[in-house]
Every structure is written in structure tokens, then in C-alpha cells.
2 protein chains.
Amino acid sequence: MGFKHSDEAVERLKSKSIKPSMQRVAIMDYLILNRTHPSVDDVYKGLSASIPTLSRTTVYNTLKLFSDKGAALMLTIDESRVNFDGDTSPHTHFLCKNCGKIYDLQVPSPVKEVIGMSLAGHQISEIHYYYKGVCKACLEG
Amino acid sequence: MGFKHSDEAVERLKSKSIKPSMQRVAIMDYLILNRTHPSVDDVYKGLSASIPTLSRTTVYNTLKLFSDKGAALMLTIDESRVNFDGDTSPHTHFLCKNCGKIYDLQVPSPVKEVIGMSLAGHQISEIHYYYKGVCKACLEG
DNA sequence: TATAAAATTGTAATAATTACAATTATGGGA
DNA sequence: TCCCATAATTGTAATTATTACAATTTTATA
Ligand SMILES: [Mn+2]
Ligand SMILES: [Mn+2]
Ligand SMILES: [Zn+2]
Ligand SMILES: [Zn+2]
């Protein structure tokens, strides 16, 4: 049981009918290993060393593809950049306005089941619960 | 009972200790009259005719000020621009991925009372519940 | 191997936002 | 009322995230 990291990434892509190219596997692997809700640039910088030919455009296109196919979440919690999450299970997010970190939160969420359903006649495909404030680390620092 | 529009705007600003300059009142008035969750540019374009000397920078600064002081909400539901809401009461939002409109939703929200409280040790100052999908109008169109 | 389609790359363009210095408005003494 | 300090506004230039797009490379298939 348990995949080697790359295999988990490959499996994830296959299960979402995304062709597992070298770059896509590397990017998905990065998301799986880095639970920090990285930005496009975080992913790009994090992989540039091991894939010197990697293009920023590919990172943009790939993360967009992951989000469209449901293989990753695109978070819009931060007004100045988009962040990505390899964890697609239902959970909520907290953004620290002081340090910029995005934390996972397990908060009782009432209407997670609403996906695919309709709300006031609108067809829902995504739910995002965002909290903002000052994080524990910044409060204690 | 009931204010003239401008007076309601002035009252709102005063109650949040924001000095009611001509531009600030006009911008707050715009938010109160336009419940469409306008972008910075919407506000700027909407007021340019009546205030020809208005600067985009002022609109940016003012909406940021409103958000900081709690006189308006800054929504980050749309990845490509920020939107503002003169309605600061607890409610949730729906973004149509097709037409881009942002709708208000009244959804049972579990943890609205959490503002000013702490969650996992973090100090919460804002809560945003965002839903995305295709709106009723686009579905029927 | 030849060929077509798909993916990746690099650069240039776009568009939202911010920085900043100059100008204008405001309010409280003298 | 006039001066002056401070706050607010303006206009332009700079920054930065994101997108467009054409060229190149990779992949799959016949
Ligand atoms: Mn997460
Ligand atoms: Mn609203
Ligand atoms: Zn923090
Ligand atoms: Zn729509």
C-alpha cells in the first residue's frame, strides 16, 4: 500500500483523465508534497532547479488544467495572486493578513453537499470557505 | 425616517470614522445604490461622468480604506479582479463562471459568529463564503 | 520512419494594482 | 481673514500577475 510519490501523482492525473507528461507529473508531485497552498511562482521556482527548461507558461497552463479537471483546487483567498491546493477534499482556508500564509481549517461546514446541486436556481460547481485574520504564529511572535 | 441617499452614505462613513470628503461620499453612495458588487473600474467609470476630475487612484485608495474600516466588503471571489460590496451584513456570494455576475445568496451559514473569535488559535476578522458555477439566467438563456 | 496532434517553450502583450511626487482641499489658530 | 500644517486627491510612471501566441519539441500512431 502507498505509492511512491511520483506514482501517486501519476495515479491522480490518470484518474482525472489528464495525460501524465513529465512536467504535469512534476507539478502534481509538487502539490502533493507541498501542502502550503503554493502560488504559480512558488511551483515554478520550486521546480526550476530540477527542470531547468520548465516554462512559467507551462506552470500556468498546467495548474489551470488541474483546476478545470478537478485534480487540484484554485484558491482565490488572496487578492493579489492565485494559490493552488493538491488536497481536493472538503476543507476551509484561513489567510493570515500579516504573514500571508494560508492554513487549512476543519470547520463544521453546512453545505458541502451542495456541489452539483442548485441553489436559488444556480448550478453550483465549487464551494470555497475563506477566513482571514492574524494567524496563531503571528499573534505569538 | 430614511435618509436621502447621500446622507446615508455620509452617516455610514461617520459611523466608521471616515472623514466624508466629496469623493468618499460619492463612492459610498455608488456602493449603496449599486448592489452589483462593482469592481474598481465599475465604480470609476460610473462616477467619472458626474465627477470628471476623479482619479482612479482615489477610487483604489478609497475602496481599500472602506474595506479596512469595515465600511464595505472586498470580495476576492473573482480571480482576475477584486469586487466591492456596500452590504456588510453576513451573506454569501455566488460567481457565475459564464457571465461573471456575482449574486447574493442567503445560505444557512454555520459560523458567522466566529468574527472576533479565534479558530485553531488564529484571530478571525473576516469570513467569506463563495460559491461558483453557472447562474440561473445563463442556464435558461 | 513519416506524419499529425498534443504539449511545451519563450517572448511579447495585456491589464490590474501600486508607488510616488505634485497639487489641491481642509481646519485650527494668530 | 490669512497662514500654515495636515490630509486628501490627482496624474503619471512603474510593477506584477496573467494571457496570447507563434515556434519548437514531444508523443502517439500508421
Ligand atoms: Mn487546503
Ligand atoms: Mn453581496
Ligand atoms: Zn501569520
Ligand atoms: Zn451567468
What I'd like to find out is whether the side chain of Leu47(B) reaches to under 4.5 Å of the side chain of Asp29(B), using heavy atoms alone.
no
Whole-Å distance separating the CG atom of Leu63(A) from the C1' atom of dT19(D)
15 Å
Have His93(B) and Asn83(B) got a donor and an acceptor in their side chains that come within less than 3.5 Å?
no
Map Val40(A) and Thr62(B) onto DNA chain D by nearest heavy atom, then report which one ends up closer to the 5' terminus.
Thr62(B)
Students often mix this up, so state it plainly: with edges at 30° and 60°, are the rings of Phe94(A) and Tyr103(A) parallel, tilted or perpendicular?
tilted
With hydrogens left out and only the distance checked, is there a donor-acceptor pair under 3.5 Å joining Thr57(B)'s side chain and the base of dT12(D)?
yes
Distance in angstrom units between Asn83(B) CG and dA16(C) P, rounded:
11 Å
N/O (side chain, Thr58(A)) to phosphate O (OP1/OP2, dT9(C)) under 4.0 Å
yes
Verify the contact: side-chain N or O of Gln23(B) to OP1 or OP2 of dT10(D), cut-off strictly under 4.0 Å; return yes or no.
yes
Check every strand shown and say whether Ser80(A) touches a base, only sugar-phosphate, or nothing at a heavy-atom separation below 4.0 Å.
sugar-phosphate
Looking only at side-chain atoms of Tyr60(A), point me to the closest of dT18(D), dT9(D), dG10(C).
dT18(D)
Taking the side chain as every heavy atom from C-beta outward, state whether Thr76(B) and Lys132(A) have any atom pair closer than 4.5 Å.
yes
Ignoring the backbone of Arg24(B), work out which of dT18(D), dT9(D), dA20(D) is nearest its side chain.
dT9(D)
Any luck finding a side-chain donor-acceptor pair between Asp42(A) and His37(A) under 3.5 Å?
no
With respect to the side chain of Glu79(A), which nucleotide from dT18(C), dT8(C), dT9(D) is positioned closest?
dT18(C)
Please state how far atom CG in Asn61(B) lies from atom C1' in dA16(C), giving the value in whole angstrom units.
14 Å
Separation of dT19(D) atom P from Leu65(A) atom CG, nearest Å, is 14 Å
Rounded to whole Å, CE of Met22(A) lies from P of dT25(D) at a distance of 14 Å
Does anything in residues 41-56 of chain B come within less than 4.0 Å of DNA chain D? Heavy atoms only, and list the residues if so.
Thr53(B), Leu54(B), Ser55(B)
Between CZ of Arg81(B) and P of dT14(C) the distance, given in whole Å, is 17 Å
For atom CD1 of Ile18(B) and atom C1' of dA7(D), their distance in whole Å:
14 Å
Of dA6(C), dT9(C), dT9(D), the nucleotide closest to the side chain of Ser21(B) is dT9(D)
Atom CG of Asp78(B) to atom C1' of dA15(C): distance rounded to whole Å?
13 Å
Minimum side-chain heavy-atom gap Met74(B)-Asp68(B) below 4.5 Å
no
Step by step, work out the side-chain contact (heavy atoms from CB on, under 4.5 Å) result for Val43(B) and Phe84(B).
CA-CA 9 Å; Val43(B) 175; Phe84(B) 292 87; 5.9 Å; no
State, yes or no, whether a side-chain contact exists between Val40(A) and Arg81(A) at a heavy-atom distance under 4.5 Å.
no
Taking dA19(C), dA6(C), dA20(D) as options, the one with an atom nearest any side-chain atom of Lys19(A) is dA6(C)
